[in-house]
> 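Got a structure for you, questions after.
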Amino acid sequence: MPRVSVLMPAYNGEKYINQAIESVLTQEYPDWELIVVNDGSTDNTEQIVSKIKDCRVICVYQENRGQAAALNHGLDIARGEYITTLDVDDWFTPNSLNDRVVFLDDNPEFDVVYGDGIFCDESGHPMKRFSELRNGDVRGDVFDVMLSNSFFGTGANVMIRRSALDGHNIRYDESIVWCQDYDLYLRLAQKCQFGFVDALMVWYRVHRDNMTITMPSGRRRESLVRTKYKALESVRFARTPIPQKVDFFWGLLMHDLDKDVKRQVELMEHRRFQVLPKPEKARLMRLCASNYIPLRQNEREVREMLKKSWKLFPYDPKIVIMLVFAYLNKGPIKWLFNIWSTIKLRNQSVSSPFDQNNR
């Protein structure tokens, strides 16, 4: 029985899959199986994989059902004690499996481990390390940090004990068509401790055929919003410190639900939003309203946001200024907004009530 199962969902991966598989074949750690799940490819993916003569490489076929379904198919077949994944356009460093297996063997208190990685361009030229996008090496109970920062980089950077997945009945959510690994790790983070190995594990290729780029942005956003709402409704979220909750709501309101005023208003009525301190609730409402006022959009909802914000925290002068702007005509608003922008350029210490960076 192999100790490590590497799951590789493959859809039309003929361009890069050889390199990805070769990076598994050349691992320092030999006790693995690679399960390639051909998710209804219409190119030469199946023919390329079939030419590989290594009994540790297993290829199975399914009708096209998406990456999460392919990963679950792989999990159903996997025999390994440890589970990791690899996309067809990425590749492991030679030490990737060994370093993570050694960590989990030596540290039974951790059920998940991740390392560092490199973003590279289509030709494989390095651009940035994963560690440059997080503050320090996040370990232990990582749920609070993961709410606002998917610090692990990509699923291929993470290794999980199979017993943790089975013990907590965790599988990939097939209704999530993008960021399914983020959803899985958020659910694991509610139950498990995460460890860190300070070594490069994977190269992540950024190119024009990435799912992140090619999938319509609406589907990406809906998957991310669904993932975050699942975390919001979790029992674990109630124990998250206030600063991390505020960051979470800021990202959801200002980025993920941007320009969806109906859902923004609904989120502000959510029981978990309502228990935030009054100044924080007021600030988030004010910032949300700030996106609409210069464009003179959703005026009724914006005014209600600002009225509620002012009642919660009447001592914030920015809220008062925003309320005045909300009742002005479009012309004066643009003029005042331009003045704020000019002042900010001249004096960075002056913050505009529209400025989300000075929230």
Side-chain angles (χ1 to χ4, degrees), residues 4-27 32-46 48-49 52 57-62 64-75 77-78 80 82-94 96-97 100 114-124 126-130 150-160 172-174 176-185 200-215 219-220 223-224 227:
V4 178
S5 294
V6 181
L7 312 181
M8 180 180 289
Y11 176 71
N12 291 350
E14 64 179 5
K15 188 174 182 180
Y16 302 113
I17 195 169
N18 258 330
Q19 183 179 11
I21 293 176
E22 183 64 23
S23 76
V24 182
L25 294 172
T26 56
Q27 284 296 295
W32 52 262
E33 64 177 358
L34 171 63
I35 302 172
V36 181
V37 182
N38 181 1
D39 185 34
S41 296
T42 57
D43 64 357
N44 293 318
T45 293
E46 185 172 357
I48 292 169
V49 178
I52 297 171
V57 179
I58 303 162
C59 187
V60 295
Y61 179 85
Q62 69 174 28
N64 181 248
R65 292 167 48 210
Q67 193 169 34
L71 288 165
N72 281 335
H73 191 168
L75 274 175
I77 298 168
Y82 301 137
I83 305 291
T84 189
T85 66
L86 183 63
D87 288 339
V88 294
D89 45 3
D90 304 330
W91 69 96
F92 287 146
T93 59
S96 182
L97 296 184
R100 290 180 285 172
Y114 73 101
D116 205 353
I118 295 179
F119 294 103
C120 63
D121 64 17
E122 188 169 0
S123 300
M127 298 188 298
K128 183 176 290 189
R129 291 176 73 127
F130 295 176
S150 54
F151 55 82
F152 55 86
T154 182
N157 194 29
V158 182
M159 184 175 284
I160 310 165
Y172 291 92
D173 185 340
E174 296 182 20
I176 293 177
V177 297
W178 181 75
C179 74
Q180 58 275 337
D181 52 354
Y182 180 42
D183 169 70
L184 183 90
Y185 302 142
L200 292 176
M201 301 295 164
V202 63
W203 288 68
Y204 180 90
R205 196 190 311 264
V206 179
H207 58 94
R208 62 179 176 270
D209 295 325
N210 274 111
M211 181 185 289
T212 303
I213 296 172
T214 57
M215 185 177 292
R219 295 183 69 197
R220 294 202 306 269
S223 287
L224 183 57
T227 294

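Any value given below was found using the heavy atoms of this structure, including those in side chains, with hydrogens, waters and symmetry copies removed.
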> Quick one: CG on Leu184 to CG on Leu71, what's the gap to the nearest 0.5 Å?
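Atom-to-atom, Leu184:CG and Leu71:CG are 9.0 Å apart.
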> Gly13 and Asp43: which non-hydrogen atoms are nearest, and at how many Å?
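Scanning both residues, the minimum pair turns out to be N-OD2, 3.3 Å.
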> For Asp173, which residues count as a side-chain contact (heavy atoms from CB on, under 4.5 Å) partner, sequence neighbours excluded?
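Here the qualifying residues are Ser175, Ile176, Asp183, Arg187, Arg226, Lys230.
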> Indicate the atoms forming the closest heavy-atom contact of Ser5 with Gly80, along with that distance.
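Closest approach of Ser5 to Gly80: OG-N, 2.8 Å.
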> Indicate the ring-plane relationship of Tyr114 and Phe151, choosing parallel, tilted or perpendicular according to the 30° and 60° boundaries.
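The rings of Tyr114 and Phe151 sit tilted, inter-plane angle from 30° to 60°.
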> Would you say the side chain of Thr154 lies within less than 4.5 Å of the side chain of Phe130, judging by non-hydrogen atoms?
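Answer yes - side chains close enough.
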> Quick one, Ile48 and Ile21 - any side-chain contact, counting heavy atoms below 4.5 Å?
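No, side chains not in contact.
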> Indicate the atoms forming the closest heavy-atom contact of Val36 with Ala10, along with that distance.
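Closest pair (atom of Val36, atom of Ala10, distance): CG1-CB, 4.0 Å.
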> Applying ring-ring contact (aromatic ring centres under 6.0 Å, His included), name anything that partners Trp203, two or more places apart in sequence or on another chain.
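Applying ring-ring contact (aromatic ring centres under 6.0 Å, His included) to Trp203 gives Trp91.
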> So which heavy atom on Ile52 is nearest to which on Leu25, and how close?
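What the structure gives for the nearest pair is CG2-CD1, 4.2 Å.
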> Let me confirm one number: the CZ-CE distance from Arg205 to Met127, rounded to the nearest 0.5 Å.
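Here the interatomic distance stands at 11.0 Å.
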> Less than 4.5 Å apart, side chain to side chain, heavy atoms only: is that true for Val37 and Ile77?
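They are not in side-chain contact.
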> Using the side-chain contact (heavy atoms from CB on, under 4.5 Å) rule, take Leu97 and Val6 through it: C-alpha gap first, then chi angles, then the decisive distance, then the call.
CA-CA 9 Å; Leu97 296 184; Val6 181; 4.2 Å; yes
> To the nearest 0.5 Å, tell me how far Asn157 CG sits from Ile118 CD1.
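The CG atom of Asn157 sits 11.0 Å away from the CD1 atom of Ile118.
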> Check Asp181, Asp87, Asp39 against Gln67 for a side chain to side chain donor-acceptor pair (under 3.5 Å) and give me the one that passes.
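Looking at Asp181, Asp87, Asp39, the match for Gln67 under the side chain to side chain donor-acceptor pair (under 3.5 Å) is Asp87.
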> Once side-chain contact (heavy atoms from CB on, under 4.5 Å) is applied, do any residues pair with Ala20, and if so which ones, sequence neighbours excluded?
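Counting only residues at least two positions away or on another chain, Ala20 forms a side-chain contact (heavy atoms from CB on, under 4.5 Å) with Met8, Leu86.
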> If I compare all heavy atoms of Thr93 with all of Val202, which pair ends up nearest, and what's the gap?
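Nearest pair, atom of Thr93 first, then Val202: CG2-N, 4.1 Å.
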> Provide the closest heavy-atom pair for Cys59 versus Val49 in the form atom of the first, atom of the second, distance.
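The answer is CB-CG1, 3.7 Å.
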> Does some side-chain heavy atom of Tyr172 sit less than 4.5 Å from a side-chain heavy atom of Asn72?
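SC-SC contact between Asn72 and Tyr172 confirmed.
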> Rounded to the nearest 0.5 Å, how far does CZ of Arg65 lie from NE2 of His73?
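So the gap between those two atoms works out to 8.0 Å.
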> Would a 4.5 Å heavy-atom cut-off, applied to side chains only, mark Thr42 and Asn12 as touching?
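Yes, their side chains come closer than 4.5 Å.
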> Has the side chain of Gln180 got a donor or acceptor atom that lies under 3.5 Å from a matching backbone atom of Ala68?
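Pair absent, no side-chain N/O of Gln180 close to backbone of Ala68.
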> Does any part of the side chain of Met159, heavy atoms only, come nearer than 4.5 Å to the side chain of Val4, both counted from C-beta?
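Yes, close enough: below the 4.5 Å cut-off.
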> Check step by step if side-chain hydrogen bond (donor to acceptor under 3.5 Å, both in side chains) holds for Arg100 and Ser96.
CA-CA 7 Å; Arg100 290 180 285 172; Ser96 182; 2.7 Å; yes
> Atom CD of Glu46 and atom OH of Tyr61: how far apart are they, to the nearest 0.5 Å?
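If I round to the nearest 0.5 Å, the distance is 7.5 Å.
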> Angle class for the Phe152/Tyr182 ring planes (parallel below 30°, perpendicular above 60°, tilted otherwise)?
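Ring orientation of Phe152 relative to Tyr182: tilted.
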> If I take atom OH from residue Tyr16 and atom CD from residue Glu122, how far apart are they, to the nearest 0.5 angstrom?
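One finds 3.5 Å between OH of Tyr16 and CD of Glu122.
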